[in-house]
Amino acid sequence: VSKAVEALLGMPVRVQGASRTDAGAHALYQVGAFTAPRRYPLEVVRNALNAHLPPDVRVVDAYEVPLSFDPRRHATLRQYRYLVWNRPEASPFWRRFSFHCPDTLNTQAMEEVAPLLEGTKDFASFSGPAGRRRTVRTVACVRIARKGNLLTFTLEGNAFLPGQVRRMVGTLLAVGRGKLGKAEVQALLDNPRAGTAGPALPACGLFLTRIHYPNFPPSREVA
């Protein structure tokens with residue numbers, strides 16, 4: 001994206017992103033911001049960037065924002081979805097966009113444990129080494145939905161630790177397989193230690209699907 005912006009402006013520029021995603025993950029909704037030396041028609045900005053971007057990245061809308069706008073710090077909610085293909089045979093169509101779980105899963109057990117992962121808590125167990133990063137995060141909701149063989153885990157929060165979503169879904173799958181129960185999941189929250197939850201599932205099933213701001217830009221769910 002930075003190279004596309006530099007091609008438009010004819011000068012080096014720093015693009016600020018709203019959220020970092022794990023390598024190999026996908027984004028159906030992302031927000032980036034940069035400072036231009038002069039005003040451009042917004043349609044020109046969108047079309048020019050798309051002309052220089054690879055085919056798997058597209059700018060849908062462009063807006064003019066105040067210089068103080070910070071796409072990362074001003075976001076009040078981020079929504080992620082993780083897709084799991086749940087049947088004995090792997091799907092050649094969902095291979096790049098989901099995690100294949102061949103085991104029978106107890107969806108009800110996962111739904112009963114999911115509320116434990118909501119609220120303002122120390123989620124160190126669901127992240128790798130945090131270094132000096134604070135590990136307290138607020139998770140607004142954890143939802144599980146099944147449509148045929150496809151399981152969708154939807155998680156919303158103000159911000160997430162690196163690998164947190166993938167480890168939370170990995171923990172819920174362990175519950176669905178019967179390897180963990182409520183008490184074990186509660187213990188991970190009561191005794192937060194880096195990397196003890198999980199496993200961290202592959203990034204291929206992870207999608208950033210929504211980012212919300214109080215005033216700008218308009219929040220919408222892409223898929």
Side-chain angles (χ1 to χ4, degrees), residues 19-22 24-26 76-91 94 97-131 133-212 221:
S19 182
R20 298 174 182 174
T21 55
D22 301 327
H26 316 281
T76 56
L77 180 142
R78 293 170 175 84
Q79 180 189 82
Y80 286 89
R81 285 179 177 162
Y82 195 95
L83 304 184
V84 175
W85 179 256
N86 183 215
R87 65 175 289 170
E89 305 82 18
S91 168
W94 285 101
F97 305 105
S98 67
F99 169 68
H100 175 222
C101 177
D103 305 318
T104 300
L105 294 173
N106 186 334
T107 305
Q108 181 178 348
M110 292 189 291
E111 290 174 339
E112 291 174 355
V113 168
L116 295 180
L117 302 176
E118 298 175 346
T120 301
K121 302 176 182 181
D122 189 335
F123 287 99
S125 297
F126 297 86
S127 179
R133 182 187 292 109
R134 291 181 67 252
T135 53
V136 174
R137 293 291 186 272
T138 298
V139 176
C141 75
V142 179
R143 301 193 302 269
I144 305 167
R146 176 184 284 275
K147 186 175 182 180
N149 298 310
L150 195 65
L151 274 171
T152 302
F153 296 78
T154 302
L155 297 91
E156 295 182 355
N158 62 340
F160 292 89
L161 296 164
Q164 180 181 344
V165 173
R166 295 188 291 127
R167 287 184 182 274
M168 290 175 75
V169 177
T171 298
L172 289 172
L173 288 186
V175 172
R177 290 179 171 120
K179 295 181 178 180
L180 290 178
K182 277 188 176 182
E184 289 84 357
V185 175
Q186 186 63 56
L188 292 169
L189 296 165
D190 292 339
N191 303 285
R193 290 181 294 133
T196 54
L201 300 182
C204 61
L206 181 63
F207 292 77
L208 173 61
T209 52
R210 183 183 173 201
I211 304 171
H212 178 74
E221 195 168 330

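Since we're looking at a predicted model, the values are computed, not measured.
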Partner of Ile144 under side-chain contact (heavy atoms from CB on, under 4.5 Å), chosen from Leu151, Thr154, Val113, Val84: Leu151
Gap separating the CG atom of Leu201 from the CG atom of Leu206, nearest 0.5 angstrom: 9.5 Å
Minimal non-hydrogen separation, Ser98 against Cys204, with atom names: O-SG, 3.3 Å
Nearest heavy-atom neighbours spanning Arg87 and His100: O-NE2, 2.8 Å
Min side-chain heavy-atom separation Val165-Phe153 under 4.5 Å: no
Closest non-hydrogen atom pair between Pro162 and Ser127, with its separation: O-OG, 3.1 Å
Worked verdict on Met168 versus Phe123 for side-chain contact (heavy atoms from CB on, under 4.5 Å): CA-CA 9 Å; Met168 290 175 75; Phe123 287 99; 4.3 Å; yes
Flag, side chain of Asn158 to backbone of Val139, donor-acceptor distance under 3.5 Å: no
Spacing of Thr209 atom OG1 and Arg78 atom CZ [to the nearest 0.5 Å]: 12.5 Å
Non-hydrogen side-chain atoms of Phe126 and Arg137 separated by less than 4.5 Å: no
Distance-minimising heavy-atom pair for Arg143 and Cys141: NH1-SG, 3.1 Å
Spatial distance of atom NZ (Lys121) from atom OG1 (Thr138) [nearest 0.5 Å]: 10.5 Å
Gap separating the CG atom of Leu172 from the CD atom of Glu112, nearest 0.5 angstrom: 12.0 Å
Check: Arg193 main-chain N/O paired with Ser125 side-chain donor or acceptor under 3.5 Å: yes
Tyr82 and Phe99 aromatic ring geometry - parallel, tilted or perpendicular at 30°/60° bounds: tilted
Over 12 non-hydrogen atoms of neighbours within 6.0 angstrom of CD in Gln108: no
Lys147 side-chain N/O to Thr152 backbone N/O, donor-acceptor pair under 3.5 Å: no
Asp190: partners by side chain to side chain contact (heavy atoms under 4.5 Å, CB included), with sequence neighbours left out: Gln186
Side-chain heavy atoms of Gln164 within contact of Leu155, under 4.5 Å: no
Main-chain N/O of Gly181 paired to Glu184 side chain as donor or acceptor, under 3.5 Å: yes
Minimum heavy-atom distance between Ala200 and Arg167, given as atom pair plus value: CB-CG, 3.7 Å
Asp103 vs Leu173, side-chain contact (heavy atoms from CB on, under 4.5 Å): CA-CA, chis, key distance, verdict: CA-CA 10 Å; Asp103 305 318; Leu173 288 186; over 6 Å; no
Closest non-hydrogen atom pair between Thr171 and Val185, with its separation: CG2-CG2, 4.0 Å
Distance, nearest 0.5 Å, that separates CG of Leu161 from CG of Asp122: 8.5 Å
Reported CZ-to-CG distance for the pair Phe97 and Leu83, which is rounded to 0.5 angstrom: 10.0 Å
